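Here's the structure, in structure tokens; my notes come after.
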Amino acid sequence: MELPHIGKSCSNTECNRLDFLPYKCDLCSQIFCQDHREYKDHNCPERYRVDQQVPVCPKCGEIIPVKPGDDPNIKVNLHIENNCSKVPKVKTYPNRCNKRGCKKKEAIPVNCKTCKLNFCLAHRFEQDHECKGFIHPLARRQVPAKPKPSAKSTSNASSSQISQDEALARALANEEDEALARALQASLSEQEQGAYSRQHQPQRQNSDSGCVLT
């Protein structure tokens with residue numbers, strides 16, 4: 001048994017269901033059931049009043065100001081018909097690689113520090129794009145090898161070493177001769193002192209024996 005005086009029917013033409021706890025839309029003020037109470041469920045014509053989306057022109061990309069209560073679709077159409085200035089398409093990847101045979105493009109420029117040309121990420125280093133004027137770091141640090149000594153210089157060095165050895169040997173020999181001479185002189189002086197003492201000792205003994213007691 002239906003009780004139409006208690007509930008209300010849904011305003012959606014495809015539904016029209018009797019609901020004892022109906023919902024009233026706060027924008028369009030119509031009655032809906034639980035399945036159609038949302039704005040999107042019953043395609044509310046006043047939904048733009050609470051829609052916070054900012055309309056953008058699909059041609060020029062300009063933001064279109066919309067006052068509260070205005071239909072954004074109408075504003076976009078008016079903008080396209082009146083003062084829409086179509087902006088030319090900007091290239092997304094304008095920086096082309098200068099490496100011969102490479103057709104890659106980058107969004108940002110990658111310039112070489114040596115030749116100041118633009119290259120892609122794969123050829124950004126000097127050795128990758130055969131940069132002119134580039135010197136490898138290992139070549140900069142390479143130290144020139146010392147020249148090998150010639151036979152003449154070797155003979156001169158050996159002769160100078162021999163002369164130094166001879167001078168040192170002579171100096172040592174002179175020092176040894178001087179020490180030997182000093183030792184001989186010291187021994188001769190000791191011998192002379194011993195002989196002198198032996199000669200004067202008997203005379204003292206004779207003088208001592210000539211004393212007579214009275």
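Note that the structure is predicted; figures quoted are calculated from it, not measured. All heavy atoms count here, side chains included; hydrogens, waters and symmetry mates do not.
Within the 3.5 Å criterion, the main-chain N or O of Arg124 finds no donor-acceptor partner in the side chain of Asp128. For Ser11 (side chain) and Phe32 (main-chain N/O), no donor-acceptor pair under 3.5 Å exists by modelled atom type. In this structure, the side chain of His42 engages the main chain of His36 through a donor-acceptor pair within 3.5 Å. Counting only distance, with no hydrogens or angles, the side chain of Asn98 and the backbone of Asn118 share a donor-acceptor pair below 3.5 Å. A donor-acceptor contact shorter than 3.5 Å links the side chain of His129 to the backbone of His123.
Interatomic distance, CG of Asn82 versus CG of Asn77, reported as 10.5 Å (0.5 Å rounding). Taking CG of Asp35 as the reference point, atom CG of Asp41 lies at 8.0 Å (rounded to 0.5 Å). A distance of 8.0 Å separates NZ of Lys113 from CD of Glu126, quoted to the nearest 0.5 Å. Here CZ of Phe119 is found 12.5 Å from CG of Asn95. Values are rounded to the nearest 0.5 Å.
Pro94 is not listed as a side-chain neighbour of Lys105, based on a closest heavy-atom distance of 4.5 Å or more. Residues Val110 and Leu121 meet the side-chain proximity criterion, which asks for heavy atoms closer than 4.5 Å. Looking at heavy atoms from C-beta onward, Ser9 lies in side-chain contact with Leu18 at the 4.5 angstrom threshold. Side-chain contact between Lys132 and Cys115 is absent, with no heavy atoms from C-beta onward closer than 4.5 Å. Counting only heavy atoms from C-beta outward, the side chains of Val66 and Pro55 approach each other to under 4.5 Å.
When hydrophobic clusters are built by joining Ile, Leu, Val, Met, Phe, Trp and Tyr residues whose side-chain heavy atoms come closer than 4.5 Å, directly or via intermediates, Ile80 is grouped together with Ile64.
Among Gln30, Glu38, Lys8, Gln34, the one residue that satisfies the side-chain contact (heavy atoms from CB on, under 4.5 Å) test with Tyr23 is Gln34.
When every heavy atom of Cys60 is checked against every heavy atom of His79, the shortest pair comes out as SG-NE2, 3.5 Å.
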